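Have a look at the structure below, then the notes.
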Amino acid sequence: MDDSKIVGVIGGMGPEATVDLMERVIRATPARDDADHVRMIVDNNPRVPSRIRALINGSGESPVPCLRDMARKLETYGADFLVVPCNTAHVYFDEIASSVSIPVLHMIRLTVACVTAGVPGMRSAGLLASDAVLKTALYEPAFREVGVDLLYPGSGAQEGVMAAIRAIKAGRKGPSERAALRSAGLDLVEKGVNALVVACTELSMIADALDDLGRVFDAAQVLAEAVVDSAMGRITLPPAFGSGQR
């Protein structure tokens, strides 16, 4: 009897990044046949209100009602646990998790645990992410708990990162986008970081631009591997947020 778990994906932020996560899950699964793969129920919803406009501009519609509705529907459809393949959306993690009675994997905590286990004794990490992730200090608490300083690219390099993110959302993943990411990575390496952390699912799609810059950890890959491990029972799912009261 198949006792594997079903993952529900709160996606669409952006749509191609959601497909990229699905492909990563497929590649990470030790399958010999179709039936060996992880069952995924995916809501690839590009109508989720902009996280950037809500968090940076302060004038955009909150994405919380939409994200909570997606979570509830995925639970109703039969998902055993949920994931959100968008770093920025984890600003709203508690609101999402409290809307359902099933576990939700936390990409930021999983990534920080992977980075610190992969580089024992590390003192600093460089974050490659959107302005919203930087502004909300989304990764700082988890890194601070383990005594790791978090550094950001300089302003010029960060502007290039944001331009690359916008271009990738528009379907462009060419040399200029890779060059912008690499420039930001080099900026951080020159600052002496022990590892680079790719913390934007758009940037994950061009993370090979960083391949020769030392230890690189990709939040999208960490999440994909956690999905496989959770679905196959290799690791225990975290407890649900609470009562799941709506």
Side-chain angles (χ1 to χ4, degrees), residues 8-22 42-74 82-100 104-109 111 126-142 150-174 176-178 180-181 183-184 197-207 218-220 223 241 246:
V9 181
I10 301 173
M13 302 170 282
E16 192 173 1
T18 301
V19 174
D20 179 66
L21 175 76
M22 295 171 67
V42 182
D43 187 350
N44 197 5
N45 180 7
R47 300 293 183 267
V48 178
S50 170
R51 286 70 57 206
I52 297 294
R53 284 195 287 272
L55 294 168
I56 299 297
N57 301 340
S59 58
E61 176 187 355
S62 171
V64 169
C66 181
L67 293 169
R68 287 168 66 97
D69 181 63
M70 293 167 71
R72 291 167 183 156
K73 287 178 177 174
L74 288 165
L82 302 177
V83 296
V84 187
C86 171
N87 287 267
T88 307
H90 279 67
V91 170
Y92 311 108
F93 181 86
D94 287 355
E95 289 92 335
I96 297 168
S98 65
S99 70
V100 293
V104 185
L105 299 188
H106 198 295
M107 179 161 58
I108 280 75
R109 293 175 193 152
T111 300
L127 197 68
L128 296 160
S130 71
D131 286 351
V133 168
L134 273 54
K135 179 179 180 180
T136 56
L138 197 52
Y139 274 79
E140 268 80 352
L150 200 55
L151 303 182
Y152 301 150
S155 59
Q158 182 61 27
E159 288 174 6
V161 167
M162 284 304 298
I165 292 171
R166 289 189 290 269
I168 293 166
K169 283 183 177 292
R172 300 190 300 275
K173 300 188 288 290
S176 61
E177 288 72 43
R178 293 174 187 277
L181 179 59
S183 177
V197 181
V198 180
C200 172
T201 49
E202 271 73 42
L203 298 178
S204 295
M205 291 185 276
I206 60 169
D218 187 338
L223 184 63
F241 185 89
R246 276 46 167 189

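Quick note: residue numbers are just sequence positions, from 1. Small disclaimer: the values here were computed from a predicted structure and weren't measured.
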Beyond-backbone contact of Phe93 with Val104, side-chain heavy atoms, under 4.5 angstrom: yes

Atom of Ala71, atom of Leu82 and distance for their closest heavy-atom approach: CB-CD1, 3.7 Å

Enclosure of Arg53 CZ (heavy-atom neighbours >12, cutoff 6.0 Å): no

Over all atoms of both residues, closest heavy-atom pair of Ile96 and Ala89: CD1-O, 4.2 Å

Lys73, NZ: over 12 other non-hydrogen atoms inside 6.0 angstrom: no

Residue pair Met70 / Val48, side-chain heavy-atom distance below 4.5 Å: yes

Sub-4.5 Å side-chain heavy-atom contact between Leu128 and Leu181: yes

Distance in Å, Leu74 CG paired with Ile10 CD1, rounded so as to fall on 0.5 Å steps: 6.0 Å

Minimum heavy-atom distance between Ile168 and Glu177, given as atom pair plus value: CG1-CG, 4.4 Å

Within-4.5 Å side-chain heavy-atom neighbours: Cys200 and Val133: no

Residue list, side-chain hydrogen bond (donor to acceptor under 3.5 Å, both in side chains) with Thr88, at least two apart or on another chain: Ser130

Test item: Val100 and Phe241 side chains (from C-beta on) under 4.5 Å apart, heavy atoms: no

Working for side-chain contact (heavy atoms from CB on, under 4.5 Å), residues Met13 and Thr201: CA-CA 8 Å; Met13 302 170 282; Thr201 49; over 6 Å; no

Non-hydrogen atoms of Ala199 and Ala219 that approach each other most closely: CA-CB, 4.4 Å

Student check: side-chain heavy atoms of Leu21 and Val83 closer than 4.5 Å: yes

Donor-acceptor contact below 3.5 Å, side chain Gln158 vs main chain Ala129: yes

Polar side-chain atom of Lys173 near backbone of Met205 as donor-acceptor pair, under 3.5 Å: no

SG on Cys66 to OH on Tyr92, rounded to 0.5 Å: 11.5 Å

Side-chain heavy-atom pair Asn87, Met107 within 4.5 angstrom cut-off: yes

Pairs meeting criterion salt bridge (charged side-chain N to carboxylate O under 4.0 Å, His left out) with involvement of residues 154-169, two or more places apart: Lys169-Glu202

OG1-CG distance between Thr111 and Leu127, expressed to the nearest 0.5 angstrom: 10.0 Å

Heavy-atom closest contact (Pro85 atom, Leu223 atom, distance): CA-CD2, 4.0 Å

From CG (Leu55) to OG1 (Thr136), nearest 0.5 Å: 6.0 Å

Leu203 vs Ile165 side-chain heavy atoms within contact, under 4.5 Å: yes

Check: Gly12 main-chain N/O paired with Asn44 side-chain donor or acceptor under 3.5 Å: yes

Shortest non-hydrogen separation from Gly11 to Thr18 and the atoms involved: CA-OG1, 3.4 Å

CD1-NE2 distance between Ile108 and His90, expressed to the nearest 0.5 angstrom: 4.5 Å

Glu95 backbone acceptor or donor facing Arg68 side chain under 3.5 Å: yes

Those residues that, when tested against Tyr152, pass ring-ring contact (aromatic ring centres under 6.0 Å, His included) (two or more places apart): none

